Protein chains: 2
Amino acid sequence: MSSSAGPGPSPRSRRADPLTREVIALIGDVVVRYHQEYEEAAARHSLTGAQARVLGLLALDPLPMRRLAGALRCEPSNVTGIVDRLEARGLVERRPDPGDRRVKLAAVTDEGRATAARLREALDFAREPLATLSDADRTTLRDLLRRMLGAEL
Amino acid sequence: MSSSAGPGPSPRSRRADPLTREVIALIGDVVVRYHQEYEEAAARHSLTGAQARVLGLLALDPLPMRRLAGALRCEPSNVTGIVDRLEARGLVERRPDPGDRRVKLAAVTDEGRATAARLREALDFAREPLATLSDADRTTLRDLLRRMLGAEL
DNA sequence: ACCCAGTTGCTTGACATCATGAAATATCCA
DNA sequence: TGGATATTTCATGATGTCAAGCAACTGGGT
């Protein structure tokens, strides 16, 4: 993992200062809210969070099961069940990969695409809190988040 | 919510501008990374994410099961199982509430407190992509997140 | 005071989903 | 042919919901 964590002299004596701790706590709050609203939005469409994530990914592009597992960061055997349930509802279908008969491509159906689109609209939540920020603020926030994430990507 | 799906001019007319969409996407990335690191840090202590969250809450203060469920935003019957598993490991104990014999207070044991402390250090350390931001940047980020979250709290 | 009904807090049970890991199967590739 | 890869199946466990149950608190009415 990130053993590239800088020239830190002592790995754990590194107690964060109050400001950093507050930012961490705030990010934690954001994460909690995001997850909560994501699950609720999915539930409004009778989907679980995992199913909604898969549907969202497949709406962009069909994917082999293995890649789907990679995107979700879980075992391929887990994806089998999630796609099974989406397929049982007619939102997703499995298609053969013409180039490799071992591979099955998961792809959204028309109904699945429509559901994914409605779901995305429902995810307005992230937009609302942002409404209180001016354009300049949003730009600042974007740059800070970019740098934060870019540090280890 | 948006049941205003009438014969609207265009269903996606309330499409957010590109800047807002990018910020939303970045927040999504932060959420994904945060969760991943949280789960990994918990796993390093042979805990699940839910168990780690409960342990972290109880390390601050003993709580009735009901309040714990409220904090986790799940059903009380679910908390029973999570606390059961923590109790089986000696990290948490159930104590009677002197004021109301129906209530059971979940409280960390000494060992639980120690585990919670180690866990928190691991999390602080893991979330240190913030280190790439200057003090001024962090202050700015803090203020932006505060305003974003404060809007609906 | 008493008792009874309703409410509240927690647990239990049945069930669905998500997640892992090991083993089986089919296919690819060197 | 033999080893690697993609998917599935099975067993298992954690998390989550809901309904039902028990214990304890609370508020009337007598």
Side-chain angles (χ1 to χ4, degrees), chain A residues 32 35-58 62-89 91-107, chain B residues 32 35-58 62-89 91-107:
Chain A
V32 166
H35 251 257
Q36 197 183 330
E37 308 230 9
Y38 194 95
E39 291 283 336
E40 285 171 10
R44 256 175 260 131
H45 294 271
S46 302
L47 292 172
T48 64
Q51 289 165 6
R53 263 188 303 276
V54 167
L55 203 57
L57 282 170
L58 295 184
L63 285 176
M65 303 296 282
R66 190 125 188 67
R67 280 195 174 283
L68 209 40
L72 296 178
R73 286 179 169 72
C74 68
E75 298 300 316
S77 62
N78 187 19
V79 178
T80 297
I82 299 173
V83 170
D84 278 352
R85 282 161 220 127
L86 288 170
E87 197 170 26
R89 285 204 206 167
L91 301 175
V92 156
E93 64 178 3
R94 284 174 166 94
R95 304 196 309 221
D97 182 327
D100 188 337
R101 274 178 302 174
R102 289 172 300 181
V103 173
K104 285 173 187 163
L105 293 172
Chain B
V32 166
H35 247 258
Q36 202 182 332
E37 304 213 0
Y38 195 95
E39 292 283 336
E40 284 171 11
R44 254 174 261 130
H45 294 271
S46 303
L47 292 172
T48 65
Q51 289 165 5
R53 258 187 310 273
V54 166
L55 202 57
L57 283 171
L58 296 184
L63 285 176
M65 303 294 282
R66 191 127 188 66
R67 282 194 172 284
L68 209 40
L72 298 178
R73 283 177 172 68
C74 68
E75 299 300 315
S77 62
N78 189 17
V79 178
T80 298
I82 299 173
V83 170
D84 279 353
R85 283 162 219 127
L86 287 170
E87 197 170 25
R89 284 204 209 168
L91 301 176
V92 156
E93 64 178 1
R94 286 173 164 95
R95 304 196 308 219
D97 181 328
D100 186 338
R101 272 178 304 172
R102 289 172 302 180
V103 174
K104 285 173 187 165
L105 293 172

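Letters A, B, ... are given to chains in the order of the sequence lines, protein chains preceding strands, and every chain is numbered from 1. None of the values given here were measured: they were computed from a predicted structure.
- In the set dT11(C), dA24(D), dG16(D), dT11(C) carries the atom at the smallest distance from any side-chain atom of Pro76(B).
- Phosphate proximity of dT8(D) to Thr80(A): present, with a side-chain N or O under 4.0 Å from OP1 or OP2.
- What separates CG of Leu86(B) from P of dA14(D) is a distance of 11 Å, to the nearest Å.
- When the C1' atom of dA14(D) is taken as reference, atom CZ of Arg53(B) falls 12 Å away, rounded to whole Å.
- Note on Asn78(A): a base of the nucleic acid sits closer than 4.0 angstrom, heavy atoms only.
- For the pair Glu87(A) CD and dT7(D) P, the computed distance is 13 Å after rounding to whole Å.
- Taking side-chain N and O atoms only, Arg66(A) has a distance below 4.0 Å to OP1 or OP2 of dA6(D).
- When heavy atoms are screened at a 4.0 angstrom cut-off, Arg94(A) is found touching the sugar-phosphate backbone but no base atom.
- Within the 4.0 Å cut-off from OP1 or OP2 of dA19(C), not a single side-chain nitrogen or oxygen of Arg73(A) is found.
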Please tabulate the protein-to-nucleotide N/O contacts below 3.5 Å involving nucleotides 1-3 of chain D, giving atom names and distances.
none

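- Annotation: side chain of Arg89(A) is in contact with side chain of Leu47(A) (closest heavy-atom distance under 4.5 Å).
- Within the 4.0 Å cut-off from OP1 or OP2 of dG13(D), not a single side-chain nitrogen or oxygen of Arg85(B) is found.
- Proximity of Arg94(B) to Leu105(B): side-chain heavy atoms (C-beta onward) are nowhere separated by under 4.5 Å.
- With hydrogens and angles left out, the side chain of Arg102(A) and the base of dT7(D) share no donor-acceptor pair within 3.5 Å.
- Judged by distance alone with a 3.5 Å cut-off, no donor-acceptor contact links the side chain of Arg101(A) to the base of dT27(C).
- Side-chain to base pairing of Ser77(B) with dG16(D): no donor and acceptor N or O lie closer than 3.5 Å to each other.
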Tabulate below the donor-acceptor pairs under 3.5 Å that side-chain atoms of residues 62-73 of chain B make, not counting sequence neighbours, or state none.
residue, atom, partner, partner atom, Å
Arg73(B), NE, Gln36(A), OE1, 3.2

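- Leu68(B) places its CG atom 11 Å from the P atom of dT11(C), with the value rounded to the nearest Å.
- Within residues 45-52 of chain A, the residues that have a heavy atom under 4.0 Å from DNA chain C are, in order of number, Thr48(A), Ala50(A), Gln51(A).
- Between the C1' atom of dA16(C) and the CD1 atom of Ile82(A) lies a distance of 13 Å, rounded to the nearest Å.
- Atom CG of Leu105(B) and atom C1' of dC10(C) are 12 Å apart (whole Å).
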